[in-house]
Amino acid sequence: MKTFGALTKCLHCTAVLHGVVRQGMYCEVCQLACHQACSERALHTCHGTLVTEESPRRPDPSGYGTAIEGWVKVPRPGGVKKGWVKQYVTLCSYKLLFYDEDPDRRDQPNTVTKTLINIGDPGFQCQTVLSADVIHASAGTIPLIFKVSQTLLCDPNKPFTLLIMCQDELEKNRWVKVINDVRTKIPKTDPLVFKPAVLYNTNQLVLLKTMLCATVLDQARLLLGAEDGLYIANLVDNSVEKVLDMKKVVRVDLVENDELLVIMSGKQPMIKLLPRSAISSTDQGSDDNEMIKIPETKGVHMFHTGTTKAGGHSLLCVANKRRVIIYEFTKIKGVFNNRKIREYELPNTCQWIGNFSTTLGCGFVSGYSLFDLQDPTLPPTILPDQEDKTLAFIRLNALYALACIEVEYKREYLLCFNMLGVYVLNTGHRSRKQELMWSSPPNKVAYTQPYLLSYCQHCVDVYDVRTTEWVQTLPLQTLAGSPFNFLGTLSIAQIEGQPTLLLWRDVRLEEQEQPVILGGIRRRENASVKIKSTVSRPSNRQSRIFSINSMKQASQPLRNRLEKIEISQPSNFNHVTHMGPCDGSKILLDIPQAQQDPALRRTMTAAASFNKLPSPSRSNDSGIESGGRMERAASSVTDLQNFRYKPRDPLPPRDLSTRDSLRSIPSRDVTRDSRDVTRDSLVPRDKQQQSTRDNIGDTSPVDGSISPQGTSLRNSVLGGFSEEQLAFLKIMDEKQ
């Protein structure tokens with residue numbers, strides 16, 4: 001087997017050697033390339049001579065081989081108005097395969113299929129276009145364009161259509177004729193296995209933009225997991241309801257036997273168990289509806305649920321890096337309990353996990369391990385066997401493990417990797433020479449017996465695992481996280497530029513046997529769905545972080561609510577203290593110095609007692625001059641709220657020379673200067689005080705001491721103070 005770096009055709013059947021690696025056989029003598037299935041029939045053509053391109057290669061009369069191939073142009077992702085891109089197209093095995101140009105080799109296609117259209121589809125059509133079909137194309141290119149269409153969804157009115165432009169009109173007519181001729185040779189069998197149906201798109205349900213997982217609750221309801229919780233979508237009445245508030249629901253699964261929901265959520269995902277009745281029951285606070293958390297599962301990256309035929313109990317298998325833990329569910333008196341029964345260690349990080357009746361399968365890089373759930377003493381079986389030399393390439397290429405499919409009960413398995421699939425026995429040795437080839441590297445796979453769904457970036461391929469036959473392809477651009485379960489029932493894809501939730505319906509099943517019944521749904525096209533919020537919180541969450549005030553609390557005055565707030569005492573910083581309630585005088589106190597100087601602490605104590613004294617008497621109307629004259633004087637701070645202000649008469653202009661003369665008085669330091677200002681601010685502002693200040697002049701000596709003349713003037717000014725106020729001023733003089 002050889003891996004071809006360029007697109008190669010089989011020289012025996014002329015079909016394309018599709019696949020990512022190991023596409024076919026290659027003879028080093030005659031350079032003959034062919035499929036592995038064609039190798040035995042092609043042996044008689046190898047005579048030790050070089051097989052050239054001129055050698056006769058006739059396609060199969062049934063149309064299975066390559067009927068036509070060549071370079072064409074297709075529209076860019078934005079449509080015809082975005083321009084055209086060059087691609088290589090071949091009609092092979094009743095399929096139109098499109099390949100991009102290899103960037104390293106000019107005019108050579110690569111090996112990865114970009115787009116695939118199945119001409120065996122019952123709704124397939126190939127015909128020329130009209131000017132109305134390509135409104136953005138120029139008039140000269142319309143005769144060079146034809147279109148092919150395929151049934152994409154259950155609705156036949158919405159087919160998948162692709163425009164193809166050839167080099168000239170003659171080549172276009174040849175393509176249309178050959179495609180229609182090959183379609184008449186297709187066997188009269190229905191190749192369709194699945195028909196996806198559209199449930200919602202982003203125009204109908206904005207929740208799809210943040211949805212991370214989904215599962216089927218019953219034939220009329222779906223359970224959707226998003227970044228902010230769980231939602232139930234009812235397809236009958238076209239409604240979506242939020243039922244549980246939680247963080248980042250990564251995956252959710254339903255254990256039907258026990259009616260139990262298994263949820264993996266959180267930034268560091270943890271497994272949570274919730275009874276199915278908890279999201280629909282009106283009694284959310286009952287003990288039967290409590291959410292059960294499994295702390296040991298914190299940090300898991302995947303889980304799987306299943307049952308065993310021996311005991312019939314439901315199992316939960318979780319994977320945390322290399323460690324795999326198995327829990328068993330039991331229900332005692334209506335309460336679910338979980339019990340840890342097994343724990344395994346893998347050679348590498350777990351990439352896939354699943355079970356087959358009494359066997360647990362775990363996938364890691366380039367291999368799988370099978371564990372017997374009935375007898376834990378048996379050693380695990382490693383697949384593929386390391387002694388099988390035909391499978392040595394798997395260990396050498398570090399392939400990603402996608403899934404392990406049990407083809408025959410406990411005998412044959414299909415090991416699916418990101419590059420190919422191989423068939424092995426239960427011993428690990430190869431069981432078939434033929435390998436399963438992908439058209440493009442898949443991101444995920446799903447299995448519905450006996451069909452395997454390969455979810456690639458640009459399409460979804462369906463294979464029959466019994467015969468490795470490629471039976472169906474749908475050109476769907478799947479998005480991350482799709483499919484949401486291993487059965488492939490629900491998935492999300494990009495259709496017409498927007499995310500769309502799809503339901504994969506098996507055409508073999510009747511309407512009553514489908515997982516979701518679509519018949520009888522009365523929903524208008526593109527009708528938006530309103531999301532209801534009836535969040536049900538588990539009973540173990542008693543405390544609330546946020547609360548909403550009632551209208552009665554909100555109507556209370558702001559002052560009454562602020563009075564209940566306790567404010568700590570100020571410490572170790574400068575602040576301003578009011579000297580009295582009536583005159584608005586202030587004094588600047590330095591707390592750190594007050595703690596060190598005992599004399600200053602006595603001054604502060606006197607200042608505190610001074611605040612309780614009445615203001616000095618005045619010859620005019622008493623009151624506080626702070627924006628207006630008060631009607632009456634206040635004796636304490638609490639009376640300020642009862643004051644009523646009235647406009648006052650404008651004051652006569654002051655003599656600016658007095659202010660200049662006061663500035664000329666020298667002081668010893670900043671502390672003494674601030675105290676003098678504070679002391680002078682206590683003097684009543686009447687005509688006698690103003691005239692006295694005008695006569696002060698330069699009464700202070702140069703050294704900063706107070707002269708006798710200045711002392712007499714001060715005593716005359718302070719004659720209107722009480723004894724307590726004079727005692728406070730005396731303390732300040734002693735400090736100076």
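Both backbone and side-chain heavy atoms feed into the values below; hydrogens, waters and symmetry mates do not. Owing to the predicted nature of the structure, the values given are computational and were not obtained by experimental measurement.
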Cys350 and His301: CA distance, side-chain angles, deciding distance, side chain to side chain contact (heavy atoms under 4.5 Å, CB included) verdict: CA-CA 9 Å; Cys350 183; His301 62 279; 4.2 Å; yes
For [X], is the [atom1] atom crowded, meaning more than 12 foreign heavy atoms sit under 6.0 Å from it?
| X | atom1 | result |
| --- | --- | --- |
| Lys195 | NZ | no |
| Glu256 | CD | no |
| Gln477 | CD | yes |

Between [X] and [Y], ring centroids under 6.0 Å:
| X | Y | result |
| --- | --- | --- |
| Trp352 | Phe364 | no |
| Tyr368 | Phe417 | yes |
| His18 | Trp438 | no |

Taking the side chain as every heavy atom from C-beta outward, state whether [X] and [Y] have any atom pair closer than 4.5 Å.
| X | Y | value |
| --- | --- | --- |
| Pro475 | Gln150 | yes |
| Leu452 | Cys416 | yes |
| Val262 | Val252 | no |
| Leu503 | Thr489 | yes |
| Leu217 | Arg276 | yes |
| Pro442 | Leu402 | yes |
| Leu32 | Cys34 | yes |
| Ser439 | Trp470 | yes |

Trace of the side chain to side chain contact (heavy atoms under 4.5 Å, CB included) decision for Trp71 with Val89: CA-CA 6 Å; Trp71 290 96; Val89 184; over 6 Å; no
Derivation of the side-chain hydrogen bond (donor to acceptor under 3.5 Å, both in side chains) call for His429 and Asp385: CA-CA 6 Å; His429 293 80; Asp385 189 8; 3.0 Å; yes
Ignoring hydrogens and angles, tell me if any N or O in the side chain of [X] forms a donor-acceptor pair with the backbone of [Y] under 3.5 Å.
| X | Y | value |
| --- | --- | --- |
| Asn180 | Thr184 | no |
| Tyr200 | Leu502 | no |
| Thr448 | Leu487 | yes |
| Thr297 | Ile271 | yes |
| Arg183 | Gln125 | no |
| Ser440 | Val112 | no |
| Ser366 | Ile394 | yes |
| Arg411 | Leu425 | no |
| Asn426 | Lys410 | yes |
| Thr478 | Ala493 | no |

Determine the minimum heavy-atom distance between [X] and [Y], stating which atoms define it.
| X | Y | value |
| --- | --- | --- |
| Val445 | Ala403 | CG2-CB, 3.6 Å |
| Leu420 | Val21 | CD2-CG2, 4.3 Å |
| Asp461 | Cys456 | OD2-SG, 4.2 Å |
| Ile353 | Val324 | CD1-CG1, 3.8 Å |
| Val182 | Tyr94 | CG1-CD2, 4.1 Å |
| Lys444 | Ser482 | CD-O, 3.6 Å |

Aromatic plane relationship, Trp175 with Phe146 - under 30° parallel, 30 to 60° tilted, over 60° perpendicular: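 Parallel.
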Parallel, tilted or perpendicular: ring planes of Phe356 versus Tyr413, cut at 30 and 60 degrees: tilted
Criterion side chain to side chain contact (heavy atoms under 4.5 Å, CB included) on Val460 and Tyr455, from CA distance to verdict: CA-CA 5 Å; Val460 179; Tyr455 288 79; 3.9 Å; yes
Between [atom1] on residue [X] and [atom2] on residue [Y], distance to nearest 0.5 Å:
| X | Y | atom1 | atom2 | answer |
| --- | --- | --- | --- | --- |
| Asn355 | Cys404 | CG | SG | 11.5 Å |
| Glu328 | Leu373 | CD | CG | 10.5 Å |
| Cys213 | Leu223 | SG | CG | 7.5 Å |

side-chain hydrogen bond (donor to acceptor under 3.5 Å, both in side chains) partners of residues 341-350, not counting sequence neighbours, each pair once: Arg323-Glu343, Lys340-Glu343
Residues Lys9 and Glu69 bridged, charged N to O under 4.0 Å: yes
Pair Asp181 + Lys185, salt bridge at N-O below 4.0 Å: no
Step-by-step side chain to side chain contact (heavy atoms under 4.5 Å, CB included) determination, Val148 to Leu96: CA-CA 10 Å; Val148 292; Leu96 280 172; 4.2 Å; yes
Qualifying residue, where the test is side-chain hydrogen bond (donor to acceptor under 3.5 Å, both in side chains) with Glu435 and the options are Gln23, Arg430, Gln36: Arg430
Pro109 and its side chain to side chain contact (heavy atoms under 4.5 Å, CB included) partner, picked from Leu7, Leu97, Asp102, Asp100: Leu7
Any donor-acceptor N or O pair under 3.5 Å, side chains Gln374, Thr358: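 Looking only at side-chain atoms, Thr358 and Gln374 do not form any donor-acceptor pair under 3.5 Å.
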